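Here is the structure we will look at.
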Amino acid sequence: MSEPRVLSTREGYDRWAATYDTMGNWLLAFEEPEVDRALGPVSGLDVLDVGAGTGRHAIRIASGGARVTAIDFSEEMLAQARAKGGAEYVNWILHDANTPLPFRSGSFDRVLSGLVLEHIDLPRLRPFFAELRRVCRADGRVVVTAMHPAMFLKGISANFRDETGQVRPRSYEASISDYVNAALGAGLGLGRLSEHRVDERLAERFERARKLLGWPALFVMELRPNYPAGNRTNVHGGGVT
Ligand SMILES: C[S@@+](CC[C@H](N)C(=O)[O-])C[C@H]1O[C@@H](n2cnc3c(N)ncnc32)[C@H](O)[C@@H]1O
């Protein structure tokens, strides 16, 4: 089998956009209920979705009564999002999250970033988290999900197939401690950390996930912008579920 073709993250997603929603991606199905649980009720809230892609979360959250702003640096992913029903209730912005976010401090009650972290290079993780924190209200919540770093050990990162074979938008290997330390270093407090293993129920729905049975595949961080100093590493209900 030929080596996967590695593209820049942006070009990779531009090329993936047309088929992203139709690939039967088990990680998305695995992640969605965790995002909803971590965000809690969103009606009436201001929500920012960073790396919103084809709008999977943003449109659902807007339909739950939130005022949603969604940013992504892939024009093609955003074009797919904008073409969907319900997209008219979301404010879509083309923006690279490796640069300062174009919002005033404290603009949002919830700041979400779903499955983007693996595309942020190690030195940029801390400024990335710092921006999520800055735009979140003091009593708000930052929710970040990621493909579990254990997947890197299996040689797995975001990928798709096109007519040339397997393609990978660039990802950067990191560990859980890299992610957690970057968030803490950015002044965020850890409210809850959870890791989720592929189980039989998921494998029944997605045959492709069966080879990962028992492996942690998803990682979710619930963060607070103003957790009391000295209590930052108080992890509630962590551990592998
Ligand atoms: C795996 S997709 C996830 C999309 C969406 N959050 C979801 O969960 O369905 C990753 C997304 O992050 C976006 N992305 C990666 N790096 C980014 C950056 N530096 N700035 C903005 N978007 C970025 C990609 O363009 C892509 O749309």
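The analysis underlying the following values was restricted to heavy atoms, covering all of them including side chains, and did not include hydrogens, waters or symmetry mates. Whatever order the structure lists them in is the order used to number ligands and atoms, beginning at 1. These figures come from a predicted structure and were not determined experimentally.
Heavy-atom distances between His95 and ligand 1 reach below 4.0 Å in at least one pair. A heavy-atom separation below 4.0 Å is found between Ala52 and ligand 1.
Aromatic ring orientation, Trp16 versus Tyr13: parallel (interplanar angle below 30°, classes split at 30° and 60°).
Scanning all protein heavy atoms for the shortest distance to atom 25 (O) of ligand 1 gives Asp72 OD1, 2.6 Å. Nearest to atom 12 (O) of ligand 1 among the protein's heavy atoms is Val116 CG2, 3.6 Å. Among all protein heavy atoms, the one lying closest to atom 8 (O) of ligand 1 is Arg56 NH2, 2.6 Å.
Looking at Gln80 and Thr54, their side chains never bring a donor and an acceptor atom within 3.5 Å of each other. Side chains of Ser105 and Arg134: a donor on one and an acceptor on the other come within 3.5 Å.
The closest heavy-atom contact to atom 21 (C) of ligand 1, among the options Phe128, Phe73, Tyr20, Tyr13, comes from Phe73. With distances taken over non-hydrogen atoms, the option nearest atom 18 (C) of ligand 1 out of Asp96, Leu117, Leu101 is Asp96. The residue from Ser113, Ala97, Ala58 that puts a heavy atom closest to atom 20 (N) of ligand 1 is Ala97. In the candidate list Ala158, Gly53, Gly51, Gly51 is nearest to atom 6 (N) of ligand 1, counting heavy atoms.
Of the possible polar contacts, none joining the Arg5 side chain to the Gln166 backbone as a donor-acceptor pair under 3.5 Å is found.
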